[in-house]
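So the structure is just underneath, and the comments pick up after that.
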Amino acid sequence: MTETATPVLDFDPFDKAHRANPYPYLRRLREQAPIYRNPLGHWLISRHADVTAVFRDKRFGHGTHLLQQNNFRRPVEGRSRPFIMLDPPEHTRLRSLVNKAFTPRMVDRLEPRIQAIVDGLLDIALERDTVDLMDAFAYSVPVMVISELLGVPREDMDSVKELSHVVARGVDPDFQHTPEEMKIRAKAFADFDEYFRGLLAQRREHPREDLLSGLAAVRESGSALSEGELLTTCILLYVAGHETTMDLIGNGTLALTRNPHQLEKFRENPAIAASAVEELLRFDPPTQMTRRTALEDVELDGHLIRQGEQVVLMRGAANRDPAAFHNPDDLDLTREDNKHVAFDGGIHFCLGAPLARLEGRIAFTTLVRRAPHLELAIDEADLRYRDNLVIRGLVDLPIRLKG
Ligand code: HEM
């Protein structure tokens, strides 16, 4: 068995050129060392076949009991872990309780509301020639949708916005954070708990037709959902529900402006919307990587991954693997059999995928119809990416809406 050590493949994730375009590095990684142990002892896995195999392999999980051995993410004392970071049976129990409240009917019912939100935001944006699409549209659509779905009042959205960004940045591994940032993250969680505790209390008294009332009722019905679990679940749904969808819309719009022939194809045939959304998710996925722990010693293609070691599944690399996708570096909105891993795979497959797909479909179709000649309003070199390592997205995206 071999343990690869190819230091030439190390990179600075905050290097401006890498953030602007991580795909050349990811390609080198996949081609030269597809199962690569970095100097921190983490295994970077970049081939599509290996990534999807690990998703389904029960020998990998979150292994909370093993986490003290690594520097990736230490459990926060006294806090329940969100089910996105739990293994069965806790994961199964919590996910199925949420599924009881977050039903496909609830998502279907949102369709006309999403269309109205998208149109309302575009009415305002189209009054100007150039807008920051992140602020005016990409962020606003999903945050308004998830707020409505959960039952977060519109007047509170601005005050929880900063908390949400801190929590989303907090998804990055602990070693990427300064002690000061760790304190800010802990405070954001505490503030979020406080916020949802108050809102849940109101919903218990006066239930409404929203997800918070549904989740509160699941707990009231005597199901095994503690108050701490309920609070972390609300934060998970709220943050996962918009921080990623925002980057689907932002990264996706940028990809369309860079590929005018594809944009034209979409404009001429909006019926391709469903496959267009899948392709935009594949091409520049909002979450670039995810972590699992080896729950026992595992041999993967000749490499020994020892119990407790961390594997990092590189979605951005897997989604561009030529073994899984024809001409993977080309954007092809009508791509068939698109087995991208932007929503993960296995038991943690994104719970909100149907909602994200619906939002993406309505947002892109309406944007392309109402602003058919959209184009980037700044030089490519001036594009700015947020500092997050896991979630990949732009700070702002100046777009000319009128050609
Ligand atoms: C384009 C938008 C979205 C993307 C790219 C995305 C991506 C993902 C990914 C990759 C995971 C698995 C993470 C891992 O295993 O490390 C995940 C899980 C999850 N997502 Fe999403 N997501 C999106 C939208 C949403 C929305 C709209 C919601 C909620 C309304 C949501 C809720 C969740 C939840 C609750 C989980 C945890 C599932 C579990 O652990 O069983 N996501 N998402």
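Remember, it's 1-based here, ligands and their atoms both numbered in the order they're listed. We number each residue from 1, following the sequence as shown.
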Please say whether more than 12 non-hydrogen atoms of neighbouring residues, nucleotides or ligands are located less than 6.0 Å from CD in Glu155. yes
At a non-hydrogen distance cut-off of under 4.0 Å, which region of His242 contacts ligand 1 (side chain, backbone, both, or neither)? neither
Could you tell me which atoms of ligand 1, counted from 1 in the order shown, lie closer than 4.0 angstrom to a heavy atom of His91? 39 (C), 40 (O), 41 (O)
Among protein heavy atoms, which lies nearest atom 42 (N) of ligand 1, and at what distance? Cys350 SG, 3.0 Å
Specify the protein heavy atom at minimum distance from atom 14 (C) of ligand 1: its residue, its atom name, and the distance to 0.1 Å. Thr290 OG1, 3.3 Å
In Å, rounded to the nearest 0.5 Å, how long is the span from CG of Leu383 to CG of Leu376? 5.5 Å
Tightest non-hydrogen contact, residues Gly241 and Pro142, listed as O-CB, 4.1 Å
Ring-plane angle category for His340 and Phe343, please: parallel below 30°, perpendicular beyond 60°, tilted otherwise. tilted
What is the minimum heavy-atom distance between Pro372 and Leu263, and which atoms define it? O-CD2, 4.3 Å
What protein heavy atom sits nearest atom 7 (C) of ligand 1, and how far off is it? Ala342 O, 3.6 Å
What part of Arg315 sits under 4.0 Å from ligand 1 if we count only heavy atoms: the side chain, the backbone, both or neither? side chain
Please report which non-hydrogen protein atom sits nearest to atom 3 (C) of ligand 1, along with the residue it belongs to and the distance in Å to one decimal place. Thr244 OG1, 3.3 Å
From Ala353, Pro82, Gly241 - option closest to atom 27 (C) of ligand 1 by heavy atom: Gly241
At a non-hydrogen distance cut-off of under 4.0 Å, which region of Arg95 contacts ligand 1 (side chain, backbone, both, or neither)? side chain
When you look for heavy atoms under 4.0 Å from ligand 1, do you find them on the side chain of Leu248, its backbone, both, or neither? side chain
Within a reach of under 6.0 Å around CZ of Arg27, are more than 12 heavy atoms found that belong to other residues, nucleotides or ligands? no
Between Met314 and Leu26, the two heavy atoms sitting closest are CE-CD2, 3.7 Å
Contact region, Ile84 to ligand 1, non-hydrogen atoms below 4.0 Å, reads both
At under 4.0 Å between heavy atoms, what of Met106 touches ligand 1? The answer is neither
Only heavy atoms of Phe83, strictly under 4.0 Å: list the atoms of ligand 1 that pass. 35 (C), 37 (C), 38 (C), 39 (C), 40 (O), 41 (O)
The residue among Leu367, Asn259, Ile272, Thr334 that forms side-chain contact (heavy atoms from CB on, under 4.5 Å) with Phe266 is Ile272
Which residue in the set Phe196, Tyr195, Phe189 passes ring-ring contact (aromatic ring centres under 6.0 Å, His included) when paired with Phe192? Phe196
For atom 4 (C) of ligand 1, which of Phe343, Phe55, Tyr238 has the closest heavy atom? Phe343
Mind running salt bridge (charged side-chain N to carboxylate O under 4.0 Å, His left out) on Arg335 and Asp330 for me, showing each step along the way? CA-CA 10 Å; Arg335 187 180 289 278; Asp330 292 350; over 6 Å; no
What atoms in ligand 1 come closer than 4.0 Å to a heavy atom of Ile347? 41 (O)
Once you restrict to heavy atoms under 4.0 Å, what part of Ile146 touches ligand 1? Side chain, backbone, both or neither. side chain
Nearest to atom 15 (O) of ligand 1 by heavy atom, Met85, Arg292, Glu359: which? Arg292
Under the side-chain hydrogen bond (donor to acceptor under 3.5 Å, both in side chains) test against Arg47, which residue among Asp321, Asp301, Thr52 passes? Asp301
Starting from atom 34 (C) of ligand 1, find the nearest protein heavy-atom neighbour and note its residue, name and distance. Leu351 CB, 3.8 Å
Which residue and heavy atom of the protein sit nearest atom 40 (O) of ligand 1, plus the separation: His348 ND1, 2.6 Å
Here the atoms of ligand 1 under 4.0 Å from any heavy atom belonging to Ala356 are 1 (C), 2 (C), 24 (C)
Given the side-chain rings of His348 and His62, with only the six-membered ring counted for Trp, is the space between their centroids under 6.0 Å? yes
In ligand 1, which numbered atoms sit nearer than 4.0 Å to a non-hydrogen atom of Thr287? 10 (C)
Side chain Asp297, main chain Gln307, donor-acceptor under 3.5 Å: yes
Protein heavy-atom partner closest to atom 25 (C) of ligand 1 - residue, atom, separation in Å: Ala240 O, 3.3 Å
Test salt bridge (charged side-chain N to carboxylate O under 4.0 Å, His left out) on Arg93 and Glu90 and set out the steps. CA-CA 5 Å; Arg93 174 175 61 86; Glu90 286 79 15; 5.9 Å; no
N/O separation below 3.5 Å, Asp344 to ligand 1: yes
With heavy atoms of Thr245 as the reference, note each atom of ligand 1 found under 4.0 Å away. 1 (C), 2 (C), 24 (C), 27 (C)
